[in-house]
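Below, each value reflects all heavy atoms present in this structure, side chains not excepted, and no hydrogens, waters or symmetry copies. Here is how names work: the chains are called A, B, and so on, in the same order as the sequence lines, proteins then strands, and each is numbered from 1.
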Amino acid sequence: MFVLVREPIDIQALTRSLVGSEDGAVAVFEGVVRNNSRGKRVLYLEYHAYETMALKKLEEVGTMARERFDIHGIGILHRLGRLEHSECSIAIVVTAAHRGPAFEACRFAIDTLKKIVPIWKKEFYEDGAVWIQGGN
Amino acid sequence: MFVLVREPIDIQALTRSLVGSEDGAVAVFEGVVRNNSRGKRVLYLEYHAYETMALKKLEEVGTMARERFDIHGIGILHRLGRLEHSECSIAIVVTAAHRGPAFEACRFAIDTLKKIVPIWKKEFYEDGAVWIQGGN
Amino acid sequence: MSIKVLFFASLADLTGMRETEVDSRAHTSVASIYTKFARDFPRLEEHRASLLYAVNSEFVQPDSPVHDGDEVAFFPPVSGG
Amino acid sequence: MSIKVLFFASLADLTGMRETEVDSRAHTSVASIYTKFARDFPRLEEHRASLLYAVNSEFVQPDSPVHDGDEVAFFPPVSGG
């Protein structure tokens, strides 16, 4: 399940949809909106995507994770639009028989997503807004 | 928050209670009941604990994780009693400004828990039951 | 004989366009399309060093060819997650 | 003058006891308490190599001393998680 959503992310539902009877471990990563960035107070964020390509690349992240690690299920939800402090911007859920591959695939997925999935974050401050560039 | 519970674990509530305004990353580990173990079909599990010591050691795992990694919050819920397939036996939630320490502390916490927290798993099969020993 | 051109994030702000079209007969590579827009919006040059290019939702090199009906996208390094 | 003794997991099954007491004056170490029970339940010896010992909820070595009022626990390697 690789989805872009505009509503709050329900991680528990994603997990339930992925956990199979052979799974013993679930590793989850959640990104949440911080109240500060590079020393500036952040009022809120917006996430924008090149949606057709982002969906394709999310699936690709999932496929790569499955090829590299001994896992069963992987799902990624990324939220778009305006997000407030402490809201969840992304959830990655990985299920596996054992915890090692689950952790490693989850870490791989978020690291890879941050390189190849065309989504951008815009931070809004009291005195303006800035598009955040990856690789900074 | 370090707790032993006898009801289903609500991970989302645990996460919400831990995420602070400085947090940008949440790493979660969930253990779930597999339908097989060492090639045998598992009907259900029971978890038993030396409760006073287990609570003390859960806190110790949390303290060690905080000392070793740049994290903000950590909570561990372990369920006791009878658990069915795909039910969650343990949830570890770690919050941090950045994902690296969150992942590393979460992995450290489950690895350490499996060595020092006095909880035991009993697997029930069609033809009997076996206490599982750690380190196998 | 047209190519759809998409700009994202800071590039969309800079050009004031998210989506436009160019004549496919006037361009042999994605970089040549970018150069055309950089004539109208010189600040696009500041982005060229870190720019990412996609054709039909796949990353490509700047010198990749373009064809009639392609969807070409220009964007800065991604920052999702 | 008593020490509370706890058995967990397979050791509780094996002895049929989760909790009992011994006279603190008869024992100088946690291992000596275990030896006393191993006389009544010889299969406890099978566990000695991997056995974990705790006094008052803290892991200790087999030769650790015991005192009146202590809570001593014997258990196999843990398998939570």
Side-chain angles (χ1 to χ4, degrees), chain A residues 8-38 41-42 45 72-73 83-111 113-114 121 123 132, chain B residues 8-38 41-42 45 72-73 83-111 113-114 121 123 132:
Chain A
I9 290 172
D10 184 345
I11 295 171
Q12 214 126 341
L14 176 59
T15 302
R16 272 196 302 271
S17 78
L18 288 171
V19 171
S21 56
E22 315 266 302
D23 288 317
V26 182
V28 180
F29 175 76
E30 288 178 56
V32 295
V33 179
R34 276 192 293 163
N35 67 354
N36 71 86
S37 172
R38 299 162 183 83
R41 198 170 121 71
V42 177
L45 295 183
H72 297 149
L83 277 82
E84 312 291 333
H85 291 162
S86 297
E87 284 199 295
C88 176
S89 57
I90 183 169
I92 300 179
V93 176
V94 178
T95 74
H98 303 288
R99 68 187 184 282
F103 272 113
E104 286 153 27
C106 192
R107 180 72 196 262
F108 168 84
I110 179 64
D111 288 351
L113 179 148
K114 282 175 171 278
K121 173 164 69 174
E123 293 180 347
I132 304 303
Chain B
I9 289 171
D10 183 346
I11 296 170
Q12 213 126 340
L14 176 60
T15 302
R16 271 195 303 271
S17 77
L18 289 172
V19 171
S21 56
E22 314 268 302
D23 289 316
V26 182
V28 180
F29 174 77
E30 288 178 56
V32 294
V33 179
R34 276 191 294 163
N35 67 355
N36 71 86
S37 172
R38 298 162 184 81
R41 197 171 121 71
V42 176
L45 295 183
H72 298 149
L83 278 82
E84 313 291 333
H85 291 161
S86 297
E87 284 199 294
C88 176
S89 56
I90 182 169
I92 300 179
V93 175
V94 178
T95 75
H98 302 288
R99 67 188 184 283
F103 272 114
E104 286 154 26
C106 192
R107 180 71 196 262
F108 168 83
I110 180 63
D111 289 351
L113 179 148
K114 282 176 173 278
K121 174 163 69 174
E123 292 181 348
I132 304 304

Colleague: Let's test your reading of the structure: which of Arg16(B), Glu22(B), Glu30(B) forms the most heavy-atom pairs below 4.5 Å with chain A?
Modeller: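 So the answer, after comparing Arg16(B), Glu22(B), Glu30(B), is Glu30(B).
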Colleague: Does Asn36(B) reach the main-chain N or O of Arg41(B) with its side chain, forming a donor-acceptor pair under 3.5 Å?
Modeller: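 Not a single qualifying donor-acceptor pair exists.
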Colleague: Checking heavy atoms, do the side chain of Cys88(A), its backbone, both or neither come under 4.5 Å from chain B?
Modeller: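 It is neither, since no heavy atom gets under 4.5 Å.
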Colleague: Side-chain contact, heavy-atom cut-off 4.5 Å: Val33(B) with Lys121(B)?
Modeller: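 Of all side-chain heavy-atom pairs linking Lys121(B) with Val33(B), none is under 4.5 Å.
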Colleague: Quick one: of Ile11(A), Ile110(A), Val32(A), who has the most non-hydrogen atom pairs under 4.5 Å with chain B?
Modeller: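 If we count pairs closer than 4.5 Å to chain B, Val32(A) comes out on top.
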Colleague: Less than 4.5 Å apart, any side-chain heavy atom of Thr15(A) and any of Gln12(B)?
Modeller: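 No. Closest side-chain heavy atoms not under 4.5 Å.
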Colleague: Which atoms of Thr95(B) are under 4.5 Å from chain A, going by heavy atoms: the side chain, the backbone, both sets, or neither?
Modeller: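 Contact with chain A involves no heavy atom of Thr95(B) at all.
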Colleague: May I ask you to name which of Gly20(A), Ala102(A), Ser21(A) has the most heavy-atom pairs under 4.5 Å with chain B?
Modeller: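 Heavy-atom pair counts peak at Ser21(A).
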Colleague: Can you name the nearest heavy-atom pair linking Phe29(B) to Cys106(B), along with the distance?
Modeller: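 Between these two residues, the closest heavy atoms are N-SG, 3.5 Å.
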Colleague: Which answer fits Glu104(B), side chain, backbone, both or neither, if we ask what part of it has an atom under 4.5 Å from a heavy atom of chain A?
Modeller: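 For Glu104(B), the side chain is the part near chain A, not the backbone.
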Colleague: Given the options Ala91(B), Ala27(B), Ala25(B), which has more heavy-atom pairs under 4.5 Å with chain A than any of the others?
Modeller: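 With the most close heavy-atom pairs to chain A, the winner is Ala25(B).
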Colleague: Of all of Gly31(B), Ala97(B), Ser89(B), which one pairs up most often with chain A through heavy atoms under 4.5 Å apart?
Modeller: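 Of the options given, most contacts go to Ala97(B).
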Colleague: Do side-chain atoms of His85(B) reach the backbone of Val42(B) as a donor and acceptor pair under 3.5 angstrom?
Modeller: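 Yes.
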Colleague: Measure the shortest side-chain to side-chain distance between Asp111(A) and Arg99(B) over non-hydrogen atoms and say whether it is less than 4.5 angstrom.
Modeller: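 Touching, per the 4.5 Å side-chain cut-off.
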